[in-house]
*Asks:* 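Take this structure first; my questions come after.
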There are 2 protein chains.
Amino acid sequence: MTKTEKTNKKIKATPEPTLRRLPRYLHLLKFLRETGDKSVSSTYIAKELGFDPTQVRKDIEYTGIVGRPKTGFNIVELISSIEEFLNWKNITDAFLVGTGSLGTAMLGYGRFKDYGLNFVAAFDNNEMKIGKTIHETPVLSMEKLVDLAKRMHINIGVITVPAFAAQHSADLLIEGGIRAIWNFAPIHLKVPEGVLVENAQLTQSLAVLTHKLADAISKD
Amino acid sequence: MTKTEKTNKKIKATPEPTLRRLPRYLHLLKFLRETGDKSVSSTYIAKELGFDPTQVRKDIEYTGIVGRPKTGFNIVELISSIEEFLNWKNITDAFLVGTGSLGTAMLGYGRFKDYGLNFVAAFDNNEMKIGKTIHETPVLSMEKLVDLAKRMHINIGVITVPAFAAQHSADLLIEGGIRAIWNFAPIHLKVPEGVLVENAQLTQSLAVLTHKLADAISKD
DNA sequence: TCCTTATCGAGAATTTTATATCGAGAAAAA
DNA sequence: TTTTTCTCGATATAAAATTCTCGATAAGGA
Ligand SMILES: NC(=O)c1ccc[n+]([C@@H]2O[C@H](COP(=O)([O-])OP(=O)(O)OC[C@H]3O[C@@H](n4cnc5c(N)ncnc54)[C@H](O)[C@@H]3O)[C@@H](O)[C@H]2O)c1
Ligand SMILES: NC(=O)c1ccc[n+]([C@@H]2O[C@H](COP(=O)([O-])OP(=O)(O)OC[C@H]3O[C@@H](n4cnc5c(N)ncnc54)[C@H](O)[C@@H]3O)[C@@H](O)[C@H]2O)c1
């Protein structure tokens with residue numbers, strides 16, 4: 001990947017649209033790997049997912065892999081390259097705050113390790129939940145969050161508390177030295193510079209759907 | 001014919017980035033409404049959410065409302081305008097397929113009505129779940145899906161089954177006449193033209209976070 | 001009344017992202 | 001071997017999205 005230095009261009013940050021497409025390639029590639037295929041072309045991926053082949057090639061280029069004419073990309077290598085690029089090969093320990101219905105669902109979802117995430121502890125302010133474990137992850141009191149985050153050098157915090165409690169949860173996570181927050185609460189978190197926030201707000205996705213549907217229906 | 005149609009159509013489709021930002025404005029606006037404020041400027045919204053003021057104005061323009069110099073936009077009107085635009089004022093009946101941990105969490109989330117969505121029935125192939133209700137939504141057998149969707153004229157289907165079952169679920173929903181699918185399974189659904197698919201894949205959001213975090217840490 | 005200030009909204013400019021074109025190279029077929 | 005076919009990847013072009021500029025206008029004083 002140092003090969004890109006030959007042009008001496010300044011390294012540009014990966015576009016977010018590209019980052020969002022990479023997992024989709026990954027899902028398809030893993031499926032293809034099962035079928036025994038050895039290589040795949042950008043043309044094929046594009047047709048399968050409804051993208052433009054050039055776009056697929058450009059996206060793949062960011063991960064640092066090179067293909068070969070006529071055959072395309074080696075599937076195993078490409079999977080590895082994307083996972084490496086997204087840092088999904090190093091499993092990162094994470095805290096989850098708010099063990100309600102969504103938080104519980106996430107703790108129960110065994111596949112996050114495939115995406116580089118490992119929940120080592122969950123936190124809640126509900127006395128009934130503290131001390132129990134949810135799918136093998138212990139639920140601890142909020143009082144323990146800051147110290148434990150510091151001690152364990154946790155980098156990622158997931159927020160699944162109600163909106164009114166989200167900012168406070170974020171503040172605690174940041175006090176504990178967290179670097180990145182995956183926020184599911186429908187609220188804009190205020191964080192100091194250097195702390196990453198990714199909003200996984202379902203309402204954003206839903207807005208696209210409902211607006212387009214209303215638009216489509218109105219054209220009937 | 002199509003040419004004149006095109007030139008006559010002055011209404012351009014709303015950019016997806018705009019659609020995704022609108023719910024974020026909405027959350028802030030509802031908060032401001034509680035505080036008793038009557039109006040808000042694009043400048044304020046932008047500063048609060050970290051956007052550009054012009055972008056906020058352009059986004060708002062799509063919803064059809066006009067502001068006034070010096071004061072900005074009437075908060076109540078603006079909320080109404082956005083909700084109308086996203087079609088969140090007309091509650092749309094929806095089916096949910098797959099009552100596992102994520103599906104259950106969604107059925108239990110009482111706020112989807114605020115976003116125009118009402119789950120009238122859920123479906124699963126697990127005999128243990130059929131016949132029960134989850135947060136007042138009945139869980140029915142998959143056999144009943146197609147007919148019931150037709151009879152009730154359901155437009156939206158939510159897929160929360162494992163990846164391997166997602167395409168089949170989508171096929172049934174489409175057979176039942178559904179127009180839009182909100183897909184949570186990590187797979188690309190193949191659907192006929194005219195059927196909308198919105199992927200709410202958490203992994204896409206997570207990819208952005210993990211890549212940026214790795215990037216930031218590597219720069220320390 | 002006049003002045004200052006904050007804001008909208010239209011259009012231009014810029015940046016970012018997506019798509020088209022095409023030469024070169026590898027594989028398969030002739 | 002030679003030809004055909006397919007794909008990569010570099011570059012060019014187009015489209016989309018964002019940001020800048022600025023005149024007009026309303027509100028709140030001076
Ligand atoms: N459930 C869904 O399908 C869904 C969908 C979209 C968005 N969300 C959002 O995700 C978040 C969680 O939703 P949910 O349905 O799981 O809610 P929930 O009410 O089921 O769970 C919230 C949890 O947070 C805990 N909590 C409350 N205040 C706290 C505090 N100050 N400190 C620590 N813990 C606290 C509660 O004890 C509870 O366990 C909400 O912000 C919601 O808007 C949920
Ligand atoms: N739980 C999470 O936090 C999470 C996170 C990211 C993505 N997802 C995705 O969401 C989907 C659901 O996840 P989950 O954790 O709720 O899974 P789950 O295993 O808890 O639930 C799946 C449900 O689907 C039902 N089902 C299975 N096959 C079916 C079929 N053919 N027809 C009808 N119903 C069927 C099962 O009976 C079960 O109730 C998966 O695709 C998963 O990848 C979940």
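Source: prediction; values computed, not measured. To find a chain, count down the sequence lines: A is the first, B the second, and so on, and within it residues start at 1.
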*Asks:* Send over the distance from B/Ile65 CD1 to C/dG9 P, rounded to a whole Å.
*Replies:* 9 Å

*Asks:* Please classify the nucleic acid contact of A/Thr18 as base, sugar-phosphate, or nothing, using heavy-atom distances under 4.0 Å.
*Replies:* nothing

*Asks:* In whole angstrom, what separates B/Lys58's NZ from D/dA17's P?
*Replies:* 12 Å

*Asks:* Are the charged groups of B/Glu198 and A/Lys212 less than 4.0 angstrom apart, N to O?
*Replies:* no

*Asks:* Charged N to carboxylate O under 4.0 angstrom, B/Asp37 versus B/Arg33?
*Replies:* no

*Asks:* Going through the checks in order, is the side chain to side chain contact (heavy atoms under 4.5 Å, CB included) test met by B/Ile159 and B/Ile181?
*Replies:* CA-CA 7 Å; B/Ile159 292 183; B/Ile181 293 175; 3.8 Å; yes

*Asks:* What is the separation between atom CD on A/Gln55 and atom C1' on D/dA14, rounded to the nearest whole Å?
*Replies:* 14 Å

*Asks:* Taking N and O atoms by type only, does the side chain of B/Lys70 place a donor or acceptor under 3.5 Å from a partner on the base of C/dT4?
*Replies:* no

*Asks:* Across the strands shown, which category fits A/Ser41 at heavy-atom distances under 4.0 angstrom: base, sugar-phosphate, nothing?
*Replies:* sugar-phosphate

*Asks:* Does the side chain of A/Arg21 get closer than 4.0 angstrom to OP1 or OP2 of C/dT17 through an N or O atom?
*Replies:* no

*Asks:* Starting at atom CD of A/Glu61, determine the distance to atom C1' of C/dA18, rounded to an integer number of angstrom.
*Replies:* 14 Å

*Asks:* Which nucleotide in the set D/dC20, D/dG9, D/dA26 lies at the smallest distance from any side-chain heavy atom of B/Thr54?
*Replies:* D/dC20

*Asks:* Select from A/Arg68 and A/Phe51 the residue whose nearest nucleotide in DNA chain C is closer to the 5' end of that strand.
*Replies:* A/Phe51

*Asks:* Please tell me whether A/Asp171 and A/Gln167 have a donor and an acceptor in their side chains that are separated by less than 3.5 angstrom.
*Replies:* yes

*Asks:* Name the residue closer to the 5' end of DNA chain C, choosing between A/Thr71 and A/Arg57 according to the nucleotide with the nearest heavy atom.
*Replies:* A/Arg57

*Asks:* Counting only heavy atoms not in B/Tyr109, do more than 12 fall under 6.0 Å of its OH?
*Replies:* yes

*Asks:* Could you check whether B/Phe123 and B/Phe95 have their ring centres less than 6.0 Å apart?
*Replies:* yes

*Asks:* Can you tell me how far P of D/dA26 sits from CG of B/Asn74, to the nearest Å?
*Replies:* 16 Å

*Asks:* Under 6.0 Å between the ring centres of A/Phe112 and A/Phe119?
*Replies:* yes

*Asks:* Looking at C/dA20, D/dA27, D/dC8, which one has an atom nearest to any side-chain atom of A/Asp52?
*Replies:* C/dA20

*Asks:* Quickly work out the A/Glu77 CD to D/dC8 C1' distance and round it to whole Å.
*Replies:* 15 Å

*Asks:* Work out how much the helix from C/dT1-D/dA30 to C/dA30-D/dT1 bends between its end axes, five pairs an end, to the nearest 10 degrees.
*Replies:* 10°

